[in-house]
K.L.:
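Can you read through this structure? Questions will come right after.
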Amino acid sequence: MTAIKVANAPCSWGVLEFDLPGKALGYEQVLDEIRDSGYVGTELGDWGFMPTDPAALRRELHARKLGMVGAFVQVAFSNPQTHAKGADTAVRTAKLLAAVADKSPFIVLADDNATDPVRTKKAGRITAGEGLSDSVWSTFAKGVEQVAKAVREQTGLRCVVHPHAAGFIETPDEIARLLDLTDPQLVGLCFDTGHYRFGGGDPVAGLRRHRARIWHMHFKDCSPTVHQRSRAEEWDYFTALKHGIFCELGKGDVDFPAVVNELRKTNYDGWIVVEQDVLPGMGAPKQYAQNNREYLRGLGL
């Protein structure tokens, strides 16, 4: 038996933070299918996807016996003008989570992904010269800390930073630098296995390297075939998504047995959130979710 609990997230049903064509499912169906697929928690999804009234959201979660695990908040941290508004957004989101969650969920902070055309075009093949300057690194890190401090002081919740393809925190070196520049007592890491692999890293090595900062886990696989094609044909991030870069767990090249073993060895007792990002209307989300849950059961989760 394990203390680790397994959740899923609306992004696995095409509820993404980007303005994309196509229609995602309603929150009632998504929550029903998360429950019916064997998960015991969910993340919030975009603000407004689920009810923003605490009592209404609590009713929806309790009716399905689902925990609220966290919420994704994007901020263009490289622009200092966005920091105050980003803090307001994160605090508003954190207040909702704190009002409905039985245990402390996380605010999952990320860059304003897919807004920089170069990073979006070159997702999965970023080189060292395409990163931030020293001065912008400082601005970025200060913004993350400003938002995390506001969330902690006003709601008591903690923040984790989520590296993500098509943003400025994608590669293993970029992840390491941001962690070096931020307070380990204030900012944790949401380690996403699929994004780490797509960004050029070995997820098992990354997990070992950053284990002390990892407070939250996203389980995502990465298709080596699609990854190779995305590099060879110079796809942008959304083309890679359309072709299924994030495949079902166990069908890509993330070594999940080793990841799970490492988490157990280091007494990880947080949530694992399964994410298989798909575009709105793409694929068979419920079937993917069921297959992914069955795969994790085979690993003892």
Side-chain angles (χ1 to χ4, degrees), residues 4 6-14 16 34 37-39 43 72 110 113-114 120 122-126 162-167 169-172 174-175 189-210 214 216-264 268 271-279 282-301:
I4 299 173
V6 183
N8 210 305
C11 62
S12 300
W13 277 259
L16 301 175
I34 288 175
S37 300
Y39 299 90
E43 290 193 354
F72 196 74
N113 301 309
T120 305
K122 299 197 71 176
R125 54 184 190 280
I126 295 296
H162 185 315
H164 198 291
I169 310 300
E170 174 179 332
T171 70
E174 289 169 339
I175 295 165
L189 175 63
C190 173
F191 191 78
D192 186 303
T193 56
H195 279 289
Y196 199 84
R197 184 72 192 101
F198 190 36
D202 172 354
V204 177
L207 175 60
R208 289 173 179 153
R209 179 181 184 183
H210 299 302
I214 294 171
H216 195 44
M217 285 293 303
H218 282 180
F219 269 27
K220 186 185 276 100
D221 213 341
C222 184
S223 165
T225 304
V226 178
H227 198 177
Q228 183 178 17
R229 282 194 66 192
S230 73
R231 291 173 179 270
E233 301 180 34
E234 299 184 348
W235 290 343
D236 69 7
Y237 179 59
F238 295 108
T239 303
L241 272 185
K242 183 176 71 174
H243 282 84
I245 183 66
F246 300 127
C247 56
E248 290 179 35
L249 302 186
K251 294 188 175 181
D253 59 1
V254 174
D255 186 352
F256 284 105
V259 169
V260 171
N261 184 56
E262 194 66 27
L263 291 174
R264 287 201 174 112
Y268 180 79
W271 285 90
I272 287 171
V273 183
V274 173
E275 291 190 338
Q276 188 179 344
D277 297 21
V278 297
L279 297 175
M282 173 181 157
K286 184 178 181 181
Q287 187 62 56
Y288 298 156
Q290 291 171 337
N291 294 348
N292 290 332
R293 190 67 193 91
E294 191 62 28
Y295 175 78
L296 292 181
R297 285 193 186 98
L299 299 181
L301 293 171

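We use all heavy atoms of the structure for the numbers below, so side chains are in, but hydrogens, waters and symmetry mates are not.
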K.L.:
Just how far is it from atom CG of N113 to atom NE2 of H164, taken to the nearest 0.5 Å?
P.N.:
5.0 Å
K.L.:
Identify, with sequence neighbours excluded, every residue that meets ring-ring contact (aromatic ring centres under 6.0 Å, His included) alongside Y39.
P.N.:
none
K.L.:
Sequence neighbours excluded, which residues qualify as side-chain contact (heavy atoms from CB on, under 4.5 Å) partners of Q228?
P.N.:
none
K.L.:
Take H243 and E233, measure what side chain to side chain donor-acceptor pair (under 3.5 Å) needs, and give me the verdict at the end.
P.N.:
CA-CA 12 Å; H243 282 84; E233 301 180 34; over 6 Å; no
K.L.:
Is any side-chain heavy atom of W13 less than 4.5 Å from a side-chain heavy atom of I34?
P.N.:
yes
K.L.:
Do F219 and V259 have side chains that get closer than 4.5 Å, going by heavy atoms?
P.N.:
yes
K.L.:
Taking atom NZ as the centre, does K251 end up with more than 12 heavy-atom neighbours from other residues, nucleotides or ligands that are less than 6.0 angstrom away?
P.N.:
no
K.L.:
Residues in side-chain contact (heavy atoms from CB on, under 4.5 Å) with D255, at least two apart?
P.N.:
V204, P257, A258
K.L.:
Of all the heavy-atom pairs spanning P172 and G200, show the shortest one and how long it is.
P.N.:
CG-C, 4.2 Å
K.L.:
Please name all residues satisfying salt bridge (charged side-chain N to carboxylate O under 4.0 Å, His left out) with K242, sequence neighbours left out, ordered by chain then number.
P.N.:
none
K.L.:
Not counting sequence neighbours, which residues clear side-chain hydrogen bond (donor to acceptor under 3.5 Å, both in side chains) with S12? List them please.
P.N.:
N8
K.L.:
Just so I know, are the side chains of E174 and P163 near enough to count as touching, which here means a heavy-atom distance under 4.5 Å?
P.N.:
no
K.L.:
Measure from the side-chain N and O atoms of R197 to the backbone N and O of D253, and report whether any donor-acceptor pair falls under 3.5 Å.
P.N.:
no
K.L.:
For Y295, what residues pass the ring-ring contact (aromatic ring centres under 6.0 Å, His included) criterion, not counting sequence neighbours?
P.N.:
none
K.L.:
About how many Å separate OG of S230 and OH of Y237, when rounded to the nearest 0.5 Å?
P.N.:
11.5 Å
K.L.:
Any donor-acceptor pair under 3.5 Å linking the side chain of E170 with the backbone of G124?
P.N.:
yes
K.L.:
Indicate yes or no for a side-chain donor-acceptor contact from Y268 to the backbone of I214 under 3.5 Å, with no hydrogens or angles considered.
P.N.:
no
K.L.:
Measure the acute angle between the ring planes of H210 and Y196, then classify it against the limits of 30° and 60° as parallel, tilted or perpendicular.
P.N.:
perpendicular
K.L.:
How long is the straight-line distance from CG of N292 back to CD of Q276, given to the nearest 0.5 Å?
P.N.:
5.0 Å
K.L.:
Take the angle between the ring planes of F72 and H162 and call it parallel below 30°, perpendicular above 60°, tilted in between.
P.N.:
perpendicular
K.L.:
When you compare the side chain of I272 with that of L263, does any pair of heavy atoms fall below 4.5 Å?
P.N.:
yes
K.L.:
Are the side chains of V274 and R293 in contact, using a 4.5 Å heavy-atom criterion?
P.N.:
no
K.L.:
What's the spacing between L299 CG and R264 CZ if we round to 0.5 Å?
P.N.:
7.5 Å
K.L.:
Would you compute the distance between atom NE2 of H195 and atom CG of D277 and round it to the nearest 0.5 angstrom?
P.N.:
5.0 Å
K.L.:
Given side chains that start at C-beta, do those of T120 and F238 come closer than 4.5 Å, heavy atoms only?
P.N.:
yes
K.L.:
CG of L189 to CG of L207: how many Å apart, nearest 0.5 Å?
P.N.:
9.5 Å
K.L.:
With sequence neighbours excluded, tell me which residues meet salt bridge (charged side-chain N to carboxylate O under 4.0 Å, His left out) with E294.
P.N.:
R297
K.L.:
Looking at C222 and C247, what are the two nearest heavy atoms and their distance?
P.N.:
C-SG, 4.0 Å
K.L.:
Residues two or more places apart in sequence or in another chain: which of them pass ring-ring contact (aromatic ring centres under 6.0 Å, His included) with H227?
P.N.:
F198
K.L.:
Not counting sequence neighbours, which residues clear side-chain hydrogen bond (donor to acceptor under 3.5 Å, both in side chains) with T225? List them please.
P.N.:
none
K.L.:
With sequence neighbours excluded, what pairs up with E262 under the salt bridge (charged side-chain N to carboxylate O under 4.0 Å, His left out) test?
P.N.:
R208, K265
K.L.:
Got a sec, which residues hit salt bridge (charged side-chain N to carboxylate O under 4.0 Å, His left out) with E275, two or more places apart in sequence or on another chain?
P.N.:
K220
K.L.:
Quick one: does F256's side chain get under 4.5 Å of D221's, heavy atoms only?
P.N.:
yes
K.L.:
Run the ring-ring contact (aromatic ring centres under 6.0 Å, His included) test against W271 and tell me which residues pass, sequence neighbours left out.
P.N.:
none
